Amino acid sequence: MDLEMQKFKADFFKALAHPLRIRILELLGDGDKSVNEIQSLAGSEGSAVSQQLMILRTKNIVTGTKDGNRVIYSLRDPLIIELLAVARQIFNNHLVDTITMLDRFSEDGDKTEDL
């Protein structure tokens, strides 16, 4: 069972491994949207958005519901927004660590210049 779970997680994260897919999920976190709405908000071409939505649908991360002649997309599981928020926090933590390290290098450089 552990191997199956690890495979699921790896496949899941592979499905998220594209900046436009992440942007689409963030947009859907604000509510259901059509391809045209996603395209407009993401500032990307419709074909690129459609291609990424297809991948997200195939991996069961988003769902699509027909509404007349358009498809409305939504998140299959709203917990994805929490996952993306955690990823943002991890990024911020790494950024803080990097800034701290750069500050130390800068201080060390200032000390050696005084010699």
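Note that this is a predicted model, so its numbers are computed, not measured.
To the nearest 0.5 Å, atoms CD1 (I38) and CG (L53) are separated by 4.5 Å. The CZ atom of R23 sits 14.0 Å away from the CD atom of Q52 when rounded to the nearest 0.5 Å. With rounding to the nearest 0.5 Å, the separation of CD1 in I80 from CD1 in I22 is 7.0 Å. Between the CG atom in D32 and the OG1 atom in T63 there is a gap of 7.5 Å [rounded to 0.5 Å]. Separating the CZ atom in R76 from the CG atom in L56 is a distance of 13.0 Å, to the nearest 0.5 Å. Distance check, rounded to the nearest 0.5 Å: CG of L20 to CD of E45 gives 10.5 Å.
Hydrophobic clustering of Ile, Leu, Val, Met, Phe, Trp and Tyr side chains at less than 4.5 Å, counting indirect connections, keeps V71 apart from M54. Follow the hydrophobic side-chain contacts under 4.5 Å out from L25 and you reach F13 in the same cluster. Under the 4.5 Å side-chain heavy-atom criterion for Ile, Leu, Val, Met, Phe, Trp and Tyr, F91 and I99 are members of the same hydrophobic cluster.
Listed here is the closest heavy atom pair of Q39 and S44: CG-O, 2.8 Å. Here the closest non-hydrogen pair linking I72 and S34 is CD1-CB, 3.9 Å. Minimum interatomic distance between S50 and V35 (heavy atoms only, all atoms of both residues): OG-CG1, 3.7 Å.
Judged by distance alone, with hydrogens and angles left aside, the side-chain atoms of T100 form a donor-acceptor pair with the main-chain N or O of V96 at under 3.5 Å. Using modelled atom types, one side-chain atom of K33 and one backbone atom of L27 make a donor-acceptor pair closer than 3.5 Å.
Under the 3.5 Å distance criterion, with hydrogens and angles disregarded, no donor-acceptor pair is assigned to the side chains of D2 and Q6.
S40 is linked by a side-chain contact (heavy atoms from CB on, under 4.5 Å) to nothing, counting only residues two or more places apart in sequence or in another chain.
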